[in-house]
Amino acid sequence: MPHAPAPHSPSSTRRLPAAALSALLTGAALLPLPMLAAGTAAAQDASAAPNASRTYSPPSFRDLARTQIDTVVNISSTQAPQGASPGGGRSPEGLETPPGSPLEEFFREFRNRQRGGGSSPEEDGQGPQGGGPSMALGSGFIIDPTGLIVTNNHVVADAAEISVTLHDGRKLPAKLVGADAPTDLALLKVESDKPLTAAHWGDSGTVEVGDWVVAIGNPFGLGGSVTAGILSARARDIQQGPYDEYLQTDAAINRGNSGGPLYDASGAVIGINTAIYSPTGGSVGIGFAIPSSLARPIVEQLKDSGKVRRGWLGVQVQRITPDIAESLGMDAEAGNGGGGALVTSVSPGSPAAEAGLRQGDVITGFNGKPLTQMRELPRLVASSGIGSAVPVTILRGGETRSMQVTLGELRDEPQQVAMAGSSGAPRSAQPEETRTALGLKIAPLTPGLRETFSIAADIEGLVVTEVDSDSAASDRGLDLGDVIVEAGQEPVATPADLDSRIAKAREAGRKTLLMLVSRGGDLRYVPLPLDGRKG
């Protein structure tokens, strides 16, 4: 679920005095009554003076609230207990837990959190107090008078029943048309005996930082709540998925606002409220919404086919840091976010492999658009047409090249992991040859080392058998069992190979050596200072 960790929400609701609440709603300042009266008199006197300045009054959103509040709905979903059995529980791995076991409560809480329970940052869940079903509360908005409703996937995920409460109090059962977990979007359908009031999409690309925005939703079950603020930032990456591009706002968003609309000042939907950052469980002025530019095409696909199809390139990439840029001989700007995406692996048989992309290539442009951030690439690929021929610009060996890639379709297929057993006496893990370099003790891969560190048969290179805790290698996260596959973008199989790459980098005046490291089969590039020191 795309939201930031936060503790449980407060159990009490603070109330404002009626006079203060009225003042807030009318835009007046909260002052003691005598001072307020004096200020009013002063304002009247000032208005009589020909050159007197006027007091600024913030805009009212009453017209927006009046016209849009009927388009916002409250959503409740019920998740039946998974694998429930009389007198016992079932862990997520399918293991039975005996009645009364301490693990039973642990797994119940785990399932509650996974379904949006009280430990989620912004969500929405009312966790079960016993062995019964869990419930999630959220928001949504109508996009079609026939009863199509947009919400967050995490509000309705794994739901056995979904119900929608309209602003006029009617409660209708809803069915799931389709959902997309990577973007946390879902589309519901309700049947109504009369057309429903629908919201209209806006263009999130036209809203600028500092513009007014309004959120309407169901925070803490208080349906029809309207809050206002400004757009605080754009294109936020909160590390929740490959397509993160959130709008940030300081409009109050709390648990239960999930799936509700974020409007611009004209009343157009420019975002779907999804997550908050909160150390307290309540709004602290940092909320995140999926931009309409990303959400609208996804919702259209869900409406048409109930699922989302995305383009597939077939590469794994990582961000280019200043050290990596220096190792590759790129300019300083590349290490500050303008260098593109560094390819760490290419899937066999993928569109990238067929086009000739290689590990170590730097993708600097895709479909005519320069890459200023690595995280732009997944979004560009996903939104491109399946089967379309797309121009890709790369940097290889210091030279810029162009190639055409025919994109495939991204499929969510589970990875198949083959585990091989062994019999007989265990083989020795003692390496035949070791060498120390750059704070690492390394050795060629042997059958014993492969077995000791569970290294796959298709991984070749030098295995790390020891890391100096005071070295840069330790600071960069290298650990026992890591395999150095390449150094200086050339394969290494022996310690002598690594020594040669180090000498070559020093002769070229490099300060760092770029290493391709495999950990559990996952590849990443790690730049190591040639002096081996931290910092």
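The structure presented is a predicted model; accordingly, all values stated were derived computationally and were not measured. Hydrogens, waters and symmetry mates are skipped; everything else that's a heavy atom, side chains included, is used.
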Side chain to side chain contact (heavy atoms under 4.5 Å, CB included) assessment of V343 paired with V362: CA-CA 6 Å; V343 177; V362 178; over 6 Å; no
side-chain hydrogen bond (donor to acceptor under 3.5 Å, both in side chains) evaluation trace for T206 with D203: CA-CA 6 Å; T206 63; D203 184 0; 4.7 Å; no
Residues R66, D63; criterion salt bridge (Lys or Arg N to Asp or Glu O under 4.0 Å); working and verdict: CA-CA 5 Å; R66 183 177 62 250; D63 290 338; 2.7 Å; yes
Candidate pair M403 and I394, rule side chain to side chain contact (heavy atoms under 4.5 Å, CB included), full reasoning: CA-CA 8 Å; M403 57 182 62; I394 65 169; 3.6 Å; yes
Chi angles and distances behind the salt bridge (Lys or Arg N to Asp or Glu O under 4.0 Å) call for R310, E409: CA-CA 6 Å; R310 293 185 170 90; E409 181 177 357; over 6 Å; no
Intermediate values then yes/no, side-chain hydrogen bond (donor to acceptor under 3.5 Å, both in side chains), T249 and S232: CA-CA 5 Å; T249 178; S232 304; 5.2 Å; no
Chi angles and distances behind the side chain to side chain contact (heavy atoms under 4.5 Å, CB included) call for Q359, L523: CA-CA 10 Å; Q359 188 179 78; L523 296 169; 3.1 Å; yes
Candidate pair I386 and L407, rule side chain to side chain contact (heavy atoms under 4.5 Å, CB included), full reasoning: CA-CA 6 Å; I386 298 168; L407 296 180; 6.0 Å; no
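In terms of heavy-atom proximity, S384 sits nearest to N367 at OG-ND2, 4.3 Å. The two residues V213 and L231 make their nearest non-hydrogen contact at CG2-N, 4.0 Å. Across every non-hydrogen atom of Y243 and L294, the tightest pair is O-CD2, 3.7 Å. Taking every heavy atom of both residues into account, R379 and E245 meet most closely at NE-OE1, 3.4 Å. For the pair V209 and A233, the tightest heavy-atom approach, listed with the atom from each and the gap, is CG2-CA, 3.9 Å. Closest of all the heavy-atom pairs between E376 and P370 is OE1-O, 3.9 Å.
The CD atom of E208 sits 12.5 Å away from atom CD1 of I230, with the distance rounded to the nearest 0.5 Å. Distance CG/N257 to OG/S283: 8.5 Å, rounded to 0.5 Å. Atom-to-atom distance recorded for I216:CD1 and L262:CG is 10.0 Å, nearest 0.5 angstrom. Summarising the geometry, atom CG belonging to L187 is positioned 8.0 Å from atom CG belonging to L176; distances are rounded to the nearest 0.5 Å. Once rounded to the nearest 0.5 Å, the distance linking CZ of R524 with CD of Q318 reads 8.0 Å. Atom CZ of R296 is separated from atom NZ of K303 by 10.0 Å, given to the nearest 0.5 angstrom.
The number of heavy-atom neighbours closer than 6.0 Å to CD of E161, taken from other residues, nucleotides and ligands shown, is 12 or below.
Formation of a donor-acceptor pair under 3.5 Å by the Y277 side chain with backbone atoms of G285 is not found in this model. Without hydrogens or angle criteria, S76 side chain to L137 main chain gives no donor-acceptor distance under 3.5 Å. In this structure, N152 contributes its side chain and D184 its backbone to a donor-acceptor pair below 3.5 Å. Remark: the backbone N or O of G259 is not paired with any side-chain donor or acceptor of T151 at under 3.5 angstrom. Panel note: side chain T344, backbone Q316; a donor-acceptor pair is recorded below 3.5 Å. In this structure, D211 contributes its side chain and D264 its backbone to no donor-acceptor pair below 3.5 Å. No donor-acceptor distance shorter than 3.5 angstrom exists from the side chain of S225 to the backbone of N218, with no hydrogens or angles considered. Using modelled atom types, no side-chain atom of K307 and backbone atom of A179 make a donor-acceptor pair closer than 3.5 Å. Judged by distance alone, the side chain of T274 and the main-chain N or O of I272 form a donor-acceptor pair under 3.5 Å. Not one N or O on the side chain of S292 forms a donor-acceptor pair closer than 3.5 Å with the backbone of A295.
In summary, the side chains of T71 and T197 do not present any donor paired with an acceptor at a separation below 3.5 Å, with no hydrogens or angles considered. T393 and T364 share no donor-acceptor pair across their side chains, judged by distance under 3.5 Å alone. Side chains of R170 and S192: a donor-acceptor N/O pair is present below 3.5 angstrom, by distance only.
In this structure, the side chains of I276 and I286 stay at 4.5 Å or more apart for every pair of heavy atoms. Using a 4.5 Å cut-off on side-chain heavy atoms (C-beta onward), V73 and L172 make no contact. Proximity of D70 to D168: side-chain heavy atoms (C-beta onward) are nowhere separated by under 4.5 Å. In this structure, the side chains of V269 and Y263 come closer than 4.5 Å at one or more pairs of heavy atoms. Within the 4.5 Å cutoff, no side-chain heavy atoms of T227 are placed close to those of V214. Counting only heavy atoms from C-beta outward, the side chains of L357 and V315 approach each other to under 4.5 Å. Counting heavy atoms from C-beta on, the side chains of L410 and V381 never come closer than 4.5 Å. With contacts defined as side-chain heavy-atom distances shorter than 4.5 Å, the pair V299/I143 qualifies.
Between W201 and F141, the ring centre distance stays below 6.0 Å.
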